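Only a predicted model underlies this, so the values are computations on that prediction, with no experimental measurement involved. Numbering of ligands and ligand atoms starts at 1, following listing order.
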Amino acid sequence: MGHFGWTRFMTIIASKATLSFDDNSTPVSLPVYESTIGPAGIDIRSLYAASGRISYDPGFMATATCQSSISYIDGENGILLYRGYPIEQLATQCDYVEVCHLLLKGELPTVQEKKEFEANIADDAMIHEQMHFFFRGFRRDAHPMSILVATVGALSSFYHDSLDISNPEHRALAATHLLAKVPTLVAMSYKYSVGQPFVYPRKDMPYTANFMRMMFSTPSEDYKVNDVLVRALDRIFILHADHEQNASTSTVRLAGSSGANPFACISAGIACLWGPAHGGANEAALSMIRHIGSIDKVPAFIKSTKEPGSHARLMGFGHRIYKNVDPRATLIRETCHEVLNELGLNDDPMFKIALEIERIALEDDYFISRKLYPNVDFYSGIVQSALGIPSSLFTGIFALARTVGWIAQWKEMMSDPDSRIGRPRQVYVGPIRRDVPPIERR
Ligand code: SDX
């Protein structure tokens, strides 16, 4: 059964909100738009004109910057939906290419649609040969995210066939270029760091197996596909594909709102994802586990993260929206078991330390009272390490997987009638107007 992607932009005013002031200023009436699920939205666009006041919400704790129909998080109940489908079903019944089709087009593909979609991506996975020269400018120990920020942005200097963002065909072509070429660039950044030759993508291999071959194949030994390990990485891609208006997605949308080309927007998203409070947490979580080093040192470390004023955090724990277990963490923990079992690493000390951290933290009032649970980044480093992926590349893998979500959100923004250049306001608390004194009187 064929489907077409759909995006319903909110038009239904559920009710009105009245904002009153205790200084007898005129109350302001604001429309409230209903959602399909989750919180309704109070439209405050008329607030400043009506009251001379603006809202104040650093970090967007309670502010929607857009309307979207791509993914939905119920943080209280630990639920994540992609276009309405529960992440648990997608991660166990679909592969990443099907999920890419779902996120980009609004529906899961039929057998024929999937075949065409995957072939279209496979045909486009090579990068312009001249881009290889970019890598020689980097030190061999350059962080892969620095290489990805640079090379993904540089795609715009090669693929002029997809830079006219007002042209839907260009937008679709840019989406294919990015879905197809980011894995190639991620694998190349790894090969460059280990001094091995780049491995070209193959058209006759499925998406994730192709990536693993580009990562681990060498001229002296071809990569032997292990279906359990490929399936595990494919599931990690699915679990990282999209997540509402997180920091990096919001960065992509803000960059896109100025009319920047899609490659530059995704490069901006990669830069934001790099931060340890966001996508960099998977790398930080594994180095934290390695730093703890043994199960008997777990209680002391956890204690150190609770001390008032302590900047130490339990990396891979906590989330702005999930106030229950991140469903992705549960699925990645299961994947961890499968991979370690397949590789005969059931006694992996890092995994045992991670399980002990989770056990102790979930019984500790500090974490319970703050609703801090394992998030997507807590176990993903252990799985990726077991797959042979270096910790410096973990966030690059996250960027690879999230590229489809960033593109889907960017495309949705481009077709949103409400979309305009993002330009937040501020509450100014600096000096009032004053005149410049001559230097001898300063
Ligand atoms: C991702 O947004 C997304 O959807 C992101 C993401 C995605 O898919 O795109 O899900 C991916 O980024 C997951 C998060 C990865 N980051 C980490 O694991 C880093 C560790 N976690 C934290 O830095 C923190 O929990 C955040 C950044 C995730 C959330 O920060 P918030 O919502 O701004 O919460 P906060 O910093 O205000 O913390 C509230 C309280 C504070 O204590 P008090 O001041 O109330 O005493 O909880 C404490 C914090 O000190 N706290 C932690 C903690 N996280 C919060 N204490 C110890 N360890 C932690 N991890």
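Of the protein's heavy atoms, M315 CE, 3.6 Å lies nearest to atom 19 (C) of ligand 1. Annotation: atom 42 (O) of ligand 1 to nearest protein heavy atom, R370 NE, 3.3 Å. At the shortest separation from atom 4 (O) of ligand 1 among protein heavy atoms lies H243 ND1, 2.6 Å. Summary of contacts: the protein heavy atom closest to atom 27 (C) of ligand 1 is A277 O, 3.9 Å. Remark: minimum distance from atom 51 (N) of ligand 1 to any protein heavy atom is reached at L372 CD1, 3.7 Å. H278 ND1, 2.9 Å is the protein heavy atom nearest to atom 12 (O) of ligand 1. Looking only at protein heavy atoms, the nearest one to atom 28 (C) of ligand 1 is G318 O, 3.6 Å. If you check which protein heavy atom lies closest to atom 20 (C) of ligand 1, you get F317 O, 3.4 Å.
Taking only nitrogen or oxygen atoms, main chain and side chain alike, D326 does not reach within less than 3.5 Å of ligand 1.
Under the 30°/60° scheme for interplanar angles, the aromatic rings of Y223 and F216 are found to be tilted. Classified by interplanar angle (parallel below 30°, tilted 30° to 60°, perpendicular above 60°), the ring pair H319/H243 is perpendicular. Using bins of under 30°, 30° to 60° and over 60° for the plane-to-plane angle, the ring pair F367/F317 lands in the perpendicular bin.
Contact annotation for atom 48 (C) of ligand 1: protein present (non-hydrogen atoms, distance under 4.0 Å). Within a 4.0 Å radius of atom 44 (O) of ligand 1, the protein has no heavy atom. Within a 4.0 Å radius of atom 32 (O) of ligand 1, the protein contributes one or more non-hydrogen atoms. Contact annotation for atom 59 (C) of ligand 1: protein present (non-hydrogen atoms, distance under 4.0 Å). Distance check for atom 37 (O) of ligand 1: every protein heavy atom is found at 4.0 Å or beyond.
Within a 6.0 Å sphere centred on OH of Y56, other residues, nucleotides and ligands contribute 12 heavy atoms or fewer. More than 12 heavy atoms of other shown residues, nucleotides or ligands fall within 6.0 angstrom of atom CZ in R140. Around CZ of F60, the count of heavy atoms belonging to other residues, nucleotides or ligands within 6.0 Å does not exceed 12. The number of heavy-atom neighbours closer than 6.0 Å to CG of L163, taken from other residues, nucleotides and ligands shown, is above 12.
In this structure, R235 pairs ionically with E338, as a charged nitrogen and a carboxylate oxygen lie closer than 4.0 Å. Contact check on R359 versus E363 returns a salt bridge, with a Lys/Arg side-chain nitrogen under 4.0 Å from an Asp/Glu carboxylate oxygen. Using a 4.0 Å cut-off between charged side-chain N and carboxylate O, K114 and E98 make a salt bridge. Using a 4.0 Å cut-off between charged side-chain N and carboxylate O, R253 and D416 make no salt bridge.
For N375, every heavy-atom contact with ligand 1 shorter than 4.0 Å involves the side chain, none the backbone. When heavy-atom distances to ligand 1 are checked against a 4.0 Å cut-off, F378 has no atom that comes that close, whether in backbone or side chain.
The residue from M61, K306, R313, M288 that puts a heavy atom closest to atom 23 (O) of ligand 1 is R313. The residue from N246, D377, T305 that puts a heavy atom closest to atom 1 (C) of ligand 1 is D377.
For H240, the heavy-atom gap to ligand 1 stays at 4.0 angstrom or more. Within the 4.0 Å heavy-atom shell around ligand 1 one does not find Y322. Heavy atoms of E244 stay at 4.0 angstrom or farther from ligand 1.
The distance from ligand 1 to the heavy atoms of R402 drops below 4.0 Å at these ligand atoms: 7 (C), 8 (O), 9 (O). Atoms of ligand 1 found under 4.0 Å from any heavy atom of G316, numbered from 1 in the order shown, are 17 (C), 18 (O). Which parts of ligand 1 touch A281 is read off a 4.0 Å heavy-atom cut-off, strictly below it: atoms 15 (C), 16 (N), 17 (C), 18 (O). For ligand 1 and H319, the ligand atoms under 4.0 Å from any heavy atom of the residue are 2 (O), 3 (C), 4 (O), 5 (C), 6 (C), 10 (O), 13 (C), 25 (O), 28 (C). Interface of R320 with ligand 1, defined as ligand atoms under 4.0 Å from a residue heavy atom, comprises 29 (C), 31 (P), 32 (O), 33 (O).
Of the residues listed (H170, H177, H128), the one engaging Y159 in a ring-ring contact (aromatic ring centres under 6.0 Å, His included) is H177, and it is the only one.
When all heavy atoms are compared, the tightest approach of E358 to P374 is OE2-CG, 3.6 Å.
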Apply side-chain hydrogen bond (donor to acceptor under 3.5 Å, both in side chains) to residues Q245 and Q409 and explain how you reach the verdict. CA-CA 9 Å; Q245 305 310 314; Q409 299 272 352; 2.8 Å; yes
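Checking side-chain atoms of H278 against main-chain N and O of S248 turns up a donor-acceptor pair under 3.5 Å.
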